[in-house]
Amino acid sequence: MNEIPSRYSPKDTEDKWYKFWEEKNLFSAKADPAKKPFSIVIPPPNVTGILHMGHALNNTIQDILIRYHRMKGEEALWMPGTDHAGIATQNVVEKSIAKEGLKRQDLGREKFIERVWQWREQYGSTIIRQLKKIGASCDWQRTRFTMDEEYSKAVLEIFVRLYEKGLIYRGSYIINWCPRCQTALSDEEAPHRDLEGNLYYLKYPFKDNPDEFVVVATTRPETMLGDTAVAVNPKDKRYKKHIGRTLILPLVNREIKIIADSMVDMKFGTGAVKVTPAHDPNDYALGKKHNLEFVNVMYPDGRMNDLAGDYKDMDRFEAREVILEDLKEKGLLKKIEPHSLSAGHCYRCHTIIEPYLSKQWFVKMKPLAKEALEVVRKGKIKFYPKRWTKVYLNWMENIQDWCISRQIWWGHRIPVYYCKDCQSAGKEESVIVSRAKPDKCPICGSANIYQDEDVLDTWFSSWLWPFATFYWPKESADLKYFYPTSTLVTAPEIIFFWVARMIMAGLEFMGDIPFKDVYIHGTVRDIEGKKMSKSLGNIIDPLEIINEYGTDALRFSLIAITSQGQDVFLAKERFEQGRNFANKIWNASRFIMMNLDPVQTKTCLCEFSKSEDLDIINRWILSRFYSTLKQVNKALDGYKFNEAINLLYSFFWHEFCDWYLESIKAEIKEKENQVVMYKILEKFLRLIHPFMPFISEEIWQNLPHKGESIMNQALPHLQEQLIDKKAEKEADMLFSVIRSARNLRAEIEVKPEQKVLLSVYAHTKAIKKLLADNQALVIKLSNLEGLNLLEAARRPEKTISDVENKFAQVFLHFGSLIDIAKEQGKIRQEISTESKRKEAKERMMANPEFVKKADPAIVENTEREIRELEEKIKRLEKLLDELR
RNA sequence: GGGCGCUUAGCUCAGCUGGUUAGAGCGUCUGAUUUACAUUCAGAAGGUCAGGGGUUCAAGUCCCUUAGCGCCCACCA
């Protein structure tokens with residue numbers, strides 16, 4: 001066994017085991033009525049995606065849950081797949097063809113979409129390969145894509161059903177328009193960001209008196225070209241007399257009226273607001289109400305159009321500057337004030353959104369939201385951490401209709417057709433909503449029909465993910481078995497986009513919630529708290545970490561620093577802890593394997609069923625293992641991953657390695673040591689496997705074992721009878737004497753190789769017996785020449801004492817005379833600290849309220865502590881006396 | 001304008017339903033290398049739990065408040 005290298009090398013093991021798991025088909029899940037289902041649908045990454053730390057965290061958490069439940073004996077399905085990510089993907093492919101000097105319009109719709117599919121063939125599996133690198137145990141044979149034929153059918157089905165139910169409508173409204181992507185966006189896709197801008201005060205002259213003005217304030221002066229009114233509050237004394245008068249809109253010389261509406265805030269700006277119904281949602285409402293003209297002055301790409309007169313073809317921001325210049329020249333720019341405002345930004349390209357009037361398709365959300373609110377309010381769906389519940393409810397309560405049409409090519413084309421003949425006959429626009437392309441117009445019978453050019457919002461397909469991945473609307477045994485899924489693991493950014501909508505879709509189309517628990521993890525940030533992004537250059541690439549430290553190290557460290565739902569501040573050095581831990585597991589296992597008699601691994605622990613059959617150290621470590629197991633289970637069931645992994649870490653390193661293996665080292669060939677160390681290692685590997693799948697498999701395969709892979713073994717079964725609090729206490733006592741000895745050695749700088757004599761006066765007979773029974777252990781671990789158990793509480797000559805030990809007075813024999821003053825100082829210090837503690841406790845006891853109201857166990861505890869402190873102080877005083 | 005989170009050791013953070021002397025990792029300091037692991041071991045130093053007020057027998061923990069940092073939502077022209 002000497003050929004096992006002394007360092008764990010992830011590169012030699014990871015790909016090997018991943019391939020093995022795949023070949024053995026160990027990730028696959030089937031509906032099995034005999035087992036409890038556990039299912040997770042992956043938040044489908046964009047096909048354009050490459051793995052970042054957020055993915056690494058998100059998918060590590062899911063993999064831990066899946067592996068954990070699989071090993072618990074449940075039928076665990078992790079449904080993988082990718083999202084076609086309409087705008088993002090189209091942008092990427094547009095960039096790629098731009099290298100050939102092409103625009104998508106040059107290719108035409110069909111050819112362009114062909115190119116996107118080609119692109120997907122070539123690069124679309126990158127993210128999947130990368131997920132495999134982090135150990136994700138998805139059922140890859142089920143991998144879905146939101147543009148798959150079956151999936152697309154589900155998307156159209158949903159559209160048609162919602163339309164038939166009257167929940168989808170088409171209409172002209174002010175929507176969020178990205179002039180760069182040239183498409184409408186939903187409100188969620190246009191997050192507001194603060195901007196430092198200006199408030200411009202413009203003078204609009206009266207028609208009947210050009211020397212008289214109304215001053216309006218605006219942040220977007222370029223939209224003035226589309227003004228069709230000026231509004232004032234009817235209660236505003238300043239303007240009351242002007243209501244109904246006509247103004248001449250400067251630069252365009254359009255006549256516009258002053259109208260009155262209570263919506264106008266008298267306190268803002270001048271109290272008079274220019275009304276641009278085609279370029280502002282508020283103004284749109286005013287326009288509708290007051291029957292104003294809607295003048296759209298921009299092209300879809302953000303340049304001014306022919307209604308903008310001289311400003312035609314200028315970009316909107318260029319036009320702003322020129323318009324201001326021109327107004328200034330005419331003396332119509334009264335002043336400019338700095339003004340901070342916020343504006344929507346395209347979530348794909350960060351361009352400032354233009355509120356834009358256009359005809360789009362919408363989903364009525366209020367009816368869908370009703371039940372989605374109920375299921376969360378009633379706790380049928382639970383958020384972890386809980387606080388996200390409120391965020392969800394708040395959004396759902398104020399839900400707005402959802403703009404679902406996008407003016408791009410890549411996506412599910414809207415299943416709506418129009419009849420050209422009807423249109424040219426000037427009839428009401430005929431809308432044919434159909435799952436398949438109709439042959440002829442149902443009204444006029446003409447075959448001259450065409451499909452709506454728009455595609456659907458990507459999220460309109462994502463919200464079906466928990467059931468469309470099971471080939472809904474077909475009924476299948478899998479859908480029945482695995483739906484509703486168990487847990488959804490995602491990031492907070494995605495609650496509105498996806499989580500909320502999945503809940504609505506699930507309830508509407510499946511008649512049931514899509515998942516029971518929603519675990520929201522934090523955002524991965526850099527060490528300064530900034531979001532990791534390419535443009536900031538602060539990315540830590542998970543693949544680089546895997547390369548340098550190993551996947552298990554990556555997973556360990558990510559999980560260890562992620563407390564429930566808090567953002568993760570990441571520095572590269574954090575992965576050293578994971579790497580070191582993997583190495584520790586490796587070396588402890590290596591040590592065990594080098595000393596393992598394979599015959600003994602067949603021995604059942606139950607041979608030592610009576611506790612006295614095992615020595616204290618073995619009883620202790622077994623108890624500690626099962627206590628840890630119990631706590632880990634509890635932590636995982638409550639989604640406290642960091643707690644679970646920290647428990648495993650400190651158990652293995654600080655208890656199993658530092659104390660247990662060191663304790664049994666000299667007698668490692670003893671049968672009981674052989675059996676216990678082997679059993680614990682093997683069980684520990686199973687327990688750590690969900691967190692660190694590769695190293696656990698590698699070692700487990702090299703240990704004597706039954707079964708083909710650790711990943712389909714059962715989790716260690718909790719053996720309550722082996723949790724032995726008495727053994728834990730006794731081991732603590734032994735360790736504390738050993739620690740005392742080590743401290744004293746350090747205090748007087750005894751050379752490590754120098755053996756010294758230790759005298760101990762145990763506070764109770766039980767402790768004395770324990771020490772007597774385990775002399776060899778204490779001697780070994782403190783490097784003593786002997787252990788002298790004292791009959792009386794008297795200081796032996798030329799010794800120093802450990803004043804802090806709770807269980808015994810510990811004296812280290814020191815060859816020459818000791819520094820009496822120092823020893824006295826130490827003791828006095830301790831007497832003083834302990835006296836203060838005792839006084840504090842006595843004050844508590846003297847308080848009748850405490851005795852009356854506190855938990856009796858606490859009171860009893862306090863009393864006991866006072867007694868113990870009293871005894872300790874007495875002992876210390878005696879020690880001090882003896883020094884005189 | 002609302003809402004949420006954070007403030008605990010030099011750094012990054014745990015700390016659950018209030019109850020022993022508040023913990024970890026990293027870093028620092030002392031010592032150790034024929035011994036499974038220097039990616040290691042033994043030990044040490046380091047904290048008025050952001051400030052103020054309150055509730056309670058008892059507050060890092062619950063409530064109020066102030067300040068700083070961060071995030072989310074909102075039709076502030």
Side-chain angles (χ1 to χ4, degrees), chain A residues 4 6-8 174 187 191-192 199 216-220 223 231 263-265 268-270 272-276 280-285 339-342 355 385 387-388 390-391 394-395 398 400 492-493 495-496 522-523 525 527 529-531 549 553 557 560-561 563-571 573-574 576-577 579-595 635 638 640 642-643 646 649-650 657-658 661-662 665 739 742-743 745-747 749 751-753 781 783 804 833-834 837 841 844 847-855 857-859 861-862 864-865:
Chain A
I4 305 174
S6 70
R7 283 186 184 189
Y8 172 56
I174 299 275
D187 295 341
H192 282 65
L199 198 53
V216 295
T218 179
T219 55
R220 295 191 300 149
T223 62
M263 236 175 92
V264 178
D265 179 357
F268 190 91
T270 60
V273 54
K274 62 192 259 327
V275 182
T276 324
D280 183 278
N282 282 324
D283 294 5
Y284 176 82
H339 180 73
S340 49
L341 67 154
S342 74
R387 66 187 141 93
W388 295 110
K390 215 170 143 185
V391 175
N394 185 47
W395 183 81
N398 298 296
Q400 303 292 314
E493 302 94 271
I495 293 176
F496 307 143
T523 306
R525 300 172 182 283
I527 204 70
K530 295 198 191 83
K531 225 169 169 169
Y549 299 95
S557 291
I561 60 176
S563 69
Q564 200 182 53
Q566 283 307 113
D567 284 356
V568 183
F569 288 51
L570 201 60
E573 299 76 54
R574 297 306 302 246
E576 286 172 13
Q577 195 191 354
R579 178 201 57 187
N580 295 355
F581 186 45
N583 200 52
K584 189 73 183 177
I585 297 173
W586 181 257
N587 274 294
S589 306
R590 175 168 160 252
F591 173 69
I592 288 170
M593 284 189 270
M594 286 193 302
N595 290 287
K640 293 175 180 177
N642 65 323
E643 201 172 304
N646 285 322
Y649 177 86
S650 70
C657 291
D658 290 352
L661 290 180
E662 291 305 323
K665 220 170 215 175
R739 278 199 199 96
R742 287 171 177 173
N743 277 327
R745 294 182 69 110
E747 189 181 324
E749 291 170 14
K751 291 268 176 299
E753 67 274 14
L781 293 182
N783 199 24
E804 286 180 37
T833 332
E834 298 296 67
R837 275 185 64 206
K841 304 261 172 205
M844 277 170 79
N847 182 343
E849 294 294 300
F850 171 69
V851 182
K852 202 165 67 191
K853 291 180 184 165
D855 187 326
I858 304 270
V859 177
N861 230 354
T862 311
R864 205 197 61 235
E865 279 168 337

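Remember, it's a predicted structure, so these values are computed and weren't measured experimentally. Lettering follows sequence order; numbering is per chain, from 1.
- Applying the salt bridge (Lys or Arg N to Asp or Glu O under 4.0 Å) rule to A/R745 yields no partners; only residues at least two apart in sequence or on another chain are considered.
- Put simply, CG on A/N583 is 9 Å from P on B/U39, counting in whole angstrom units.
- Between the CG atom of A/N783 and the P atom of B/C41 there is a distance of 18 Å, given to the nearest Å.
- Of the listed nucleotides (B/A74, B/C16, B/A14), B/A14 has the atom at the smallest distance from the side chain of A/N642.
- Annotation: B/G2 and B/A14 have their P atoms spaced 28 Å apart (nearest Å).
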RNA chain B in dot-bracket, Watson-Crick or G-U pairs under 3.5 Å, [ ] crossing, | other strand?
-> (((((((..((((.....[...)))).(((((.......))))).....(((((..]....))))))))))))....
Short N/O separations, protein against nucleotides 1-7 of chain B, under 3.5 angstrom:
residue	atom	partner	partner atom	Å
B/G3	O3'	A/K390	NZ	3.2
B/C4	OP1	A/K390	NZ	2.8
B/G5	O2'	A/Q566	NE2	3.4

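- When each of B/C41, B/A77, B/U39 is scored by its nearest atom to the side-chain atoms of A/V273, the top-ranked nucleotide is B/A77.
- Base engagement by A/E643 is indicated by at least one non-hydrogen atom pair under 4.0 Å involving a base atom.
- Side chain A/E662 to base B/A36: a donor-acceptor pair is found below 3.5 Å.
- In this structure, the side chains of A/E493 and A/P191 stay at 4.5 Å or more apart for every pair of heavy atoms.
- If you take atom C1' in B/U61 and the same atom in B/C16, they sit 10 Å apart, rounded to whole Å.
- Distance check on atom P: B/G5 versus B/C62 gives 11 Å, rounded to whole Å.
- As rounded to whole Å, 6 Å separates atom P of B/C73 from atom CZ of A/F496.
- In this structure, A/N595 places its CG atom 14 Å from P of B/U35, rounding to the nearest Å.
- Straight-line distance between the P atoms of B/G23 and B/G46: roughly 14 Å, to the nearest whole Å.
- Rounding to whole angstrom units, NZ of residue A/K584 and P of B/C37 are separated by 10 Å.
- Taking atom C1' on both nucleotides, B/G43 is separated from B/U55 by 43 Å, rounded to a whole Å.
- Partners of A/R7 under the salt bridge (Lys or Arg N to Asp or Glu O under 4.0 Å) rule, at least two apart in sequence or in another chain, do not exist in this structure.
- Comparing B/G43, B/U35, B/C72 by their closest approach to the side chain of A/R742 singles out B/G43.
- The aromatic rings of A/Y8 and A/W586 sit tilted relative to each other, their planes meeting at an angle between 30° and 60°.
- Listed by chain and number, the residues in a salt bridge (Lys or Arg N to Asp or Glu O under 4.0 Å) with A/E747 are A/K826 (sequence neighbours excluded).
- Contacts of A/R7 with the nucleic acid, taken as non-hydrogen atoms under 4.0 Å apart, include base atoms.
- Among the nucleotides B/A42, B/G43, B/C37, the one closest to the side chain of A/D658 is B/A42.
- A/T223 is listed as a side-chain neighbour of A/K274, based on a closest heavy-atom distance under 4.5 Å.
- Looking at A/N398 and A/N394, their side chains come closer than 4.5 Å, going by heavy atoms from C-beta outward.
- To the nearest 0.5 Å, atoms NE2 (A/H192) and CG (A/D187) are separated by 8.5 Å.
- Rounded to whole Å, the separation between the P atoms of B/C49 and B/U7 comes to 14 Å.
- Two residues are said to be in side-chain contact when any heavy atoms from C-beta on lie closer than 4.5 Å; A/V273 and A/F268 fail this criterion.
- Here the separation of B/U8 from B/G15, taken at their C1' atoms, is 9 Å to the nearest Å.
- Here the CG atom belonging to A/L781 is positioned 11.0 Å from the CZ atom belonging to A/R739, to the nearest 0.5 angstrom.
- Taking the P atoms as reference points, B/U56 lies 41 Å from B/C73, given to the whole Å.
- Counting non-hydrogen atoms under 4.0 angstrom, A/Y8 reaches nothing in the nucleic acid.
- For the pair A/D187 CG and B/C72 P, the computed distance is 16 Å after rounding to whole Å.
- When side chains are defined from C-beta on, A/W395 does not count as touching A/I495, because their heavy atoms never get closer than 4.5 Å.
- Across the protein-nucleic acid pair, A/R220 atom CZ and B/C75 atom C1' stand 12 Å apart, rounded to whole Å.
- In this structure, the side chains of A/V275 and A/D280 stay at 4.5 Å or more apart for every pair of heavy atoms.
- For the pair A/R739 and A/I561, both in contact range of RNA chain B, the more 5′-proximal nearest nucleotide belongs to A/I561.
- Rounding to the nearest 0.5 Å gives a distance of 11.0 Å between OG1 of A/T276 and CG of A/N282.
- Atom CG of A/N583 and atom OH of A/Y549 lie 13.5 Å apart (nearest 0.5 Å).
- For the pair A/L341 CG and B/C75 C1', the computed distance is 13 Å after rounding to whole Å.
- Nucleic acid contact class of A/D265 (heavy atoms, under 4.0 Å, all strands): base.
- Counting any heavy atom pair closer than 4.0 Å across all strands shown, A/R579 reaches a base atom.
- Under 4.0 angstrom from either OP1 or OP2 of B/A44 there lies at least one side-chain N or O belonging to A/N743.
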Contact letters for nucleotides 17-34 of chain B, in which S counts primed atoms plus P, OP1 and OP2 and B counts the base, heavy atoms under 4.0 Å = --BBB---S------S--
